[in-house]
Amino acid sequence: MFLLPFLIFAETPKSGMVEFQFGFFKPNIDSESSLTGKPYKDIFGDSGFVYGFESGTNIFSGYGTFSLSWGISKFSVSGKGIYTETGLESKDKTELTLIPIELNVLNYSLDIFQEKFGFPLVLFVKAGFSYTFWRVTNGIGDTSEFENKEAKGGKYGYQYSLGLRFLLDFLDSGTADDFDRDMGVNDSYIFIEYFGSKVDNFGEKGFDLGGSYLTFGLSLAY
């Protein structure tokens, strides 16, 4: 008689996490004290769509999980240019693109209640530094010029966030075990995150490419 034993699946060790994020963002360009009027609002209106990716590596687990992470995102918004001499709207389209690259040196997840009791909500906080590439293009996709200089460059600053993850494994543990066994993904989450940043070369005169917004997304712990 042949007996097939039942195998008890053991979760694979956790080493990091990846996140896919999206939201609507409005940079703090109009907050510059030396500006007259609100050029960002006049040209581009309100917020634009932002999406990004983040990857983290765990460095300590015990009373929650500490990790280091880096991320990259892209924001773009378009509008009609304005003639500086007359203040009238141009027929030509212009587009602003921001590409922030972020390094979170503090990334803490309060997942001890999930690990011990299966509680599906996980609070997390992040803080770190960023460098944002920026570029303004004209109607044919070339870099615009302002005061005989190309409208592009980069600025550095800092960012922080506070968020809440919901453990999808809580809804279907069987599928979660299969996902871990087949793909090495321990836990899957959906999340909401409040994100804030100040990107003005740490107080240097000029516009601030940072801002604050809500972001949503999917997290995969592996």
Side-chain angles (χ1 to χ4, degrees), residues 4-26 47-75 100-130 132 157-199 210-222:
L4 179 65
F6 288 99
L7 299 179
I8 299 176
F9 176 70
E11 189 179 67
T12 56
K14 295 179 184 178
S15 59
M17 179 178 288
V18 294
E19 291 185 347
F20 305 91
Q21 326 159 331
F22 68 92
F24 290 91
F25 174 65
K26 181 180 179 180
S47 58
F49 187 68
V50 61
Y51 61 92
F53 166 85
E54 186 173 338
S55 177
T57 300
N58 296 346
I59 57 175
F60 175 78
S61 295
Y63 298 97
T65 300
F66 291 87
S67 60
L68 292 174
S69 66
W70 72 274
I72 184 170
S73 55
K74 182 179 180 181
F75 165 82
I101 298 176
E102 302 158 1
L103 174 65
N104 286 306
V105 294
L106 170 63
N107 194 329
Y108 173 72
S109 298
L110 185 62
D111 55 9
I112 185 171
F113 299 107
Q114 175 201 323
E115 299 293 339
K116 290 185 176 296
F117 310 111
F119 188 65
L121 297 178
V122 177
L123 184 71
F124 65 91
V125 294
K126 303 174 186 176
F129 305 98
S130 65
T132 298
Y158 62 87
Q159 82 277 336
Y160 54 89
S161 62
L162 173 67
L164 188 68
R165 299 188 183 105
F166 175 76
L167 181 66
L168 295 175
D169 307 15
F170 181 76
L171 303 177
D172 189 343
S173 59
T175 300
D177 289 344
D178 292 339
F179 201 20
D180 191 3
R181 184 186 298 108
D182 298 338
M183 304 294 294
V185 175
N186 300 85
D187 298 313
S188 303
Y189 305 87
I190 55 174
F191 68 87
I192 181 171
E193 180 179 9
Y194 174 81
F195 178 91
S197 64
K198 192 168 183 61
V199 185
S212 58
Y213 65 104
L214 285 177
T215 182
F216 307 87
L218 174 69
S219 298
L220 303 175
Y222 59 87

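Considering CZ of F216 and CD1 of I192, their distance stands at 4.0 Å, rounded to 0.5 Å. With rounding to the nearest 0.5 angstrom, the CD atom of E115 is 14.5 Å from the OH atom of Y63. Between S67 atom OG and L106 atom CG the span is 8.5 Å, to the nearest 0.5 Å. Atoms CE and OG, on M17 and S55 in that order, are 10.5 Å from each other to the nearest 0.5 Å. One finds the CG atom of L167 at 10.0 Å from the CG atom of D111 (value rounded to the nearest 0.5 Å). The CD1 atom of I190 sits 6.5 Å away from atom CZ of F166, with the distance rounded to the nearest 0.5 Å.
When all heavy atoms of F75 and V50 are compared, the closest pair comes out as CB-CG2, 4.1 Å. Taking every heavy atom of both residues into account, V105 and F129 meet most closely at CG2-CE1, 4.3 Å. When every heavy atom of T132 is checked against every heavy atom of P100, the shortest pair comes out as OG1-CB, 3.6 Å.
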Exercise answer: donor-acceptor pairs, residues 118-127 side-chain atoms, under 3.5 Å, sequence neighbours excluded:
unit_1 : atom_1 : unit_2 : atom_2 : d
K126   : NZ     : E19    : OE1    : 2.9
K126   : NZ     : E54    : OE1    : 3.0
K126   : NZ     : E54    : OE2    : 3.3

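Annotation: side chain to side chain donor-acceptor pair (under 3.5 Å) contacts of S197 (sequence neighbours excluded): none. Here F20 pairs with F53 under the ring pair (Phe, Tyr, Trp, His ring centres under 6.0 Å) rule; sequence neighbours left out. S61 is linked by a side-chain contact (heavy atoms from CB on, under 4.5 Å) to T65, counting only residues two or more places apart in sequence or in another chain. Residues satisfying the salt bridge (charged side-chain N to carboxylate O under 4.0 Å, His left out) criterion with K26, sequence neighbours excluded, are D46. Under the ring pair (Phe, Tyr, Trp, His ring centres under 6.0 Å) criterion, F191 pairs with no residue, sequence neighbours left out.
Considering only heavy atoms from C-beta on, F49 comes within 4.5 Å of F24 through its side chain. Looking only at side-chain heavy atoms (C-beta outward), L220 and V185 come within less than 4.5 Å of each other. Taking the side chain as every heavy atom from C-beta outward, Y51 and S73 never approach each other to under 4.5 Å. The closest side-chain heavy-atom distance from S130 to V199 is below 4.5 Å. In this structure the side chain of S69 reaches within 4.5 angstrom of the side chain of N104, judged on heavy atoms.
Using a 4.0 Å cut-off between a side-chain N of Lys or Arg and a carboxylate O of Asp or Glu, D187 and K14 qualify as a salt bridge.
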Taking it one step at a time, do E193 and Y213 satisfy side-chain hydrogen bond (donor to acceptor under 3.5 Å, both in side chains)?
-> CA-CA 8 Å; E193 180 179 9; Y213 65 104; over 6 Å; no
For side chain to side chain contact (heavy atoms under 4.5 Å, CB included), just list the numbers for I72 and I101, CA-CA rounded to whole Å, side-chain angles, deciding distance to a tenth of an Å, and then say yes or no.
-> CA-CA 5 Å; I72 184 170; I101 298 176; 4.1 Å; yes
Apply side chain to side chain contact (heavy atoms under 4.5 Å, CB included) to the pair S161 and Y194, showing each step before the final yes or no.
-> CA-CA 5 Å; S161 62; Y194 174 81; over 6 Å; no
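Below 30°, between 30° and 60°, or above 60°: for F113 and F117 the angle between ring planes is below 30°, a parallel geometry. Using cut-offs of 30° and 60° on the angle between ring planes, the pair F60 and F66 is tilted.
The number of heavy-atom neighbours closer than 6.0 Å to OH of Y108, taken from other residues, nucleotides and ligands shown, is above 12.
Using modelled atom types and a 3.5 Å distance limit, the side chains of E102 and Y158 yield no donor-acceptor pair.
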